[in-house]
Protein chains: 2
Amino acid sequence: MAIPRAARTQRRTRIQEEKEEQILEAALDVFSVSGFRGSTIDQIAEVAGMSKPNLLYYFRTKEAMHRALIDRVLFTWLEPLRAFDAEGNPESEIRSYIRRKLEMARDFPRESRLFANEMLQGAPHVEDELKGPLKELVDEKAEVIRTWAKAGKIAKCDPYHLIFSIWSTTQHYADFDVQVRAVLGQDHAGAGRFEDAARFLEQLFIDGLKVKPVQGVS
Amino acid sequence: MAIPRAARTQRRTRIQEEKEEQILEAALDVFSVSGFRGSTIDQIAEVAGMSKPNLLYYFRTKEAMHRALIDRVLFTWLEPLRAFDAEGNPESEIRSYIRRKLEMARDFPRESRLFANEMLQGAPHVEDELKGPLKELVDEKAEVIRTWAKAGKIAKCDPYHLIFSIWSTTQHYADFDVQVRAVLGQDHAGAGRFEDAARFLEQLFIDGLKVKPVQGVS
DNA sequence: TGATAATTTGACCGATTGGTAAACATTACA
DNA sequence: TGTAATGTTTACCAATCGGTCAAATTATCA
């Protein structure tokens, strides 16, 4: 008789690892496009190439699949911000943060869309994580930025809105990919698009954050 | 006997105007949160305070409701970009464009989320509009920005990515509202948040686009 | 007012939804 | 190899889905 997944206490089988990975891969495909409510287990099953009951053998509910995905994404998505180094050079730290976020949007667009979908729906499954770990990490890095500004290393600015603007501009290329493609057309297609975006954003943020000479009567 | 809505040729009744508005208002509530696939006619009917068949008397299908909403949003959403004036002063044009987009994100967050949902799903209902009217408008305004840059009025930059970055940063406050709230907490709550965002973005874009002195051996 | 058109709804339809039960197939391991 | 645990599938369930129909109700206007 099959033992329900939740009751298992032993170490995981090789098959379990493989199949769970296979299911999450398919679930990411589906959830990232249609969101939680708009996705069906049947869709995921078809993409995964397995029967629906088989999926439910590894994840007891649709919500469990979504949960597993969100947890994973939330963690890796914050990697670049964690790497933000208080001891580093402000300009190069910001530059490489932008580049890393942009690379993630390019290499993991489904993860970005999954997260965006969750936000659009009011974060019903992750509000606690937002108010807890996420807020704490952002608070910490915002303090770093504030210190830099006070030391005159970058222009005075609201660190929170700076972080928001880096998030939004970079993730835009994953979340609004259709729109970007439609507007740019075939002219700016391919790998060049990524470099163009990187160049623009680095210029915007670096120049926008340069310390301005004190204004006064000249 | 009731005449199917699509067959009507006469002018619309007062009741028709009111009820259609009432339905679209409810549909916006639901679609903007759950997306097209994730929303149900029953949900919309409940929010609208009408029976499901009554909704389907005014809009023959769920898709017709969504279509009507998207069309309306697509038009008004581009208003600020249309107002972008080639003859105006670059700095103040960009500044007021940012402010207008930010006001829309504040005053019409549901419309922003409806659009974002559609983009995340790959724009299955509006891809033609994106490649047609939207692209044309953006091309036109991008040309204006390029002209400004060539004339030395603003820094040289890719005009398309500039527009993208203004879109993403402003709409972020509507689409990712939960996240913004969670991170800022109660400290930066209320109306002040809007002003903080406006101040930051205007500073970022204005300073980031200032013409830089030509680099060379000093 | 009366009759005609416009509006509204309860009952219902087949298809799809998330999820279950139990039989069947495969694997791991003594 | 045998057998017990693990993995897989067919058949199925109640609930919900988008949408229809006909009957009932309300508004319009000659």
Side-chain angles (χ1 to χ4, degrees), chain A residues 1-27 29-31 33-69 121 124-125, chain B residues 1-27 30-31 33-70 121 124-125:
Chain A
M1 187 194 307
I3 298 171
R5 186 178 132 64
R8 270 183 256 145
T9 51
Q10 324 279 39
R11 77 197 190 300
R12 287 163 55 192
T13 312
R14 172 186 53 87
I15 295 185
Q16 277 171 39
E17 302 239 19
E18 285 177 11
K19 288 299 166 87
E20 285 177 10
E21 199 52 44
Q22 193 178 333
I23 291 169
L24 289 182
E25 171 70 19
D29 259 12
V30 177
F31 281 136
V33 169
S34 303
F36 181 74
R37 287 221 47 186
S39 304
T40 71
I41 304 182
D42 295 86
Q43 284 181 314
I44 300 173
E46 195 186 334
V47 173
M50 316 167 53
S51 68
K52 178 167 63 171
N54 204 5
L55 258 74
L56 291 163
Y57 172 72
Y58 290 101
F59 297 91
R60 286 187 308 175
T61 62
K62 174 178 156 184
E63 196 153 351
M65 299 179 209
H66 190 255
R67 181 89 224 170
L69 271 179
Q121 284 159 33
H125 306 96
Chain B
M1 188 192 309
I3 297 171
R5 185 179 133 64
R8 268 184 260 149
T9 52
Q10 324 279 37
R11 77 195 190 300
R12 287 162 58 193
T13 312
R14 172 185 52 86
I15 294 185
Q16 277 170 40
E17 302 239 18
E18 285 178 10
K19 288 299 167 90
E20 286 178 10
E21 200 52 43
Q22 192 177 334
I23 291 169
L24 288 182
E25 171 70 20
V30 178
F31 281 135
V33 169
S34 303
F36 181 74
R37 288 221 48 189
S39 304
T40 71
I41 304 183
D42 294 86
Q43 284 180 312
I44 300 173
E46 195 185 334
V47 174
M50 317 168 53
S51 66
K52 178 166 65 172
N54 203 6
L55 258 73
L56 291 163
Y57 171 74
Y58 291 101
F59 297 90
R60 286 187 307 174
T61 62
K62 173 179 156 185
E63 197 152 349
M65 299 179 210
H66 190 254
R67 181 88 223 170
L69 271 180
I70 285 277
Q121 284 159 34
H125 306 97

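Predicted model only: the values in this text are computed from it and were never measured. A note on names: the letters A, B, ... follow the listed sequences, proteins ahead of strands, and every chain is numbered from 1.
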In Å and rounded to the nearest 0.5 Å, what is the [atom1] to [atom2] distance from [X] to [Y]?
X      : Y       : atom1 : atom2 : result
N54(A) : Q22(A)  : CG    : CD    : 9.0 Å
I70(B) : E63(B)  : CD1   : CD    : 10.5 Å
L69(A) : H125(A) : CG    : NE2   : 12.0 Å

Could you tell me which residues satisfy side-chain contact (heavy atoms from CB on, under 4.5 Å) with [X], sequence neighbours excluded, listed by chain and number?
X      : result
K62(A) : F31(A), F36(A), I41(A)
E25(A) : R110(A)
P53(A) : S51(A)

Whole-Å distance between [N] [atom2] and [X] [atom1]?
X      : N       : atom1 : atom2 : answer
L55(B) : dT8(C)  : CG    : C1'   : 12 Å
N54(B) : dG19(D) : CG    : C1'   : 14 Å
E18(A) : dT6(D)  : CD    : P     : 17 Å
E46(B) : dT9(C)  : CD    : P     : 14 Å
M50(B) : dT9(C)  : CE    : P     : 7 Å
F59(A) : dT8(D)  : CZ    : P     : 13 Å
E17(A) : dT6(D)  : CD    : C1'   : 15 Å
Q22(B) : dT8(C)  : CD    : C1'   : 13 Å

Show your working on side chain to side chain contact (heavy atoms under 4.5 Å, CB included) between M50(A) and Y58(A) and close with a plain yes or no. CA-CA 11 Å; M50(A) 316 167 53; Y58(A) 290 101; 4.2 Å; yes

Tell me if a side-chain donor or acceptor on Q121(A) pairs with a main-chain N or O of S34(B) at a distance below 3.5 Å.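 Not confirmed, Q121(A) side chain does not pair with S34(B) backbone.
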
Got a donor-acceptor contact below 3.5 angstrom from the Q43(B) side chain to the T40(B) backbone? yes

Scan residues 36-55 of chain B for pairs that pass salt bridge (charged side-chain N to carboxylate O under 4.0 Å, His left out), counting only residues two or more places apart or in two chains. D42(B)-K52(B)

Kindly calculate the angle separating the two end axes of the helix from dT1(C)-dA30(D) to dA30(C)-dT1(D), each obtained from five base pairs, and round it to 10 degrees.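 Terminal axis comparison yields 10°.
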
Is there a side-chain contact between [X] and the phosphate of [N], meaning an N or O under 4.0 Å from OP1 or OP2?
X      : N      : value
Y57(B) : dT7(C) : yes
Q16(A) : dG7(D) : yes
K19(B) : dT8(C) : yes
Y58(B) : dA6(C) : no

Any non-hydrogen side-chain atom of F59(B) less than 4.5 Å from a side-chain atom of E20(B)? yes

I want to check something: taking the side chain as every heavy atom from C-beta on, are M65(A) and L55(A) in contact at a cut-off of under 4.5 Å? yes

Nearest to the S51(A) side chain among dT8(C), dT8(D), dG7(D), which nucleotide is it? dT8(D)

Protein and nucleotides 14-21 of chain C: nitrogen or oxygen contacts under 3.5 angstrom:
unit_1	atom_1	unit_2	atom_2	d
dG18(C)	OP1	S39(A)	O	3.1
dG18(C)	OP1	K62(A)	NZ	3.1
dG18(C)	OP2	I41(A)	N	3.0
dG18(C)	N7	K52(A)	NZ	3.1
dG19(C)	OP2	K62(A)	N	2.8
dG19(C)	O6	K52(A)	NZ	3.2

With the criterion being N/O to N/O and under 3.5 Å, what pairs connect the protein with nucleotides 25-28 of chain D, and how long is each?
unit_1	atom_1	unit_2	atom_2	d
dT28(D)	OP1	R14(B)	NH2	3.4

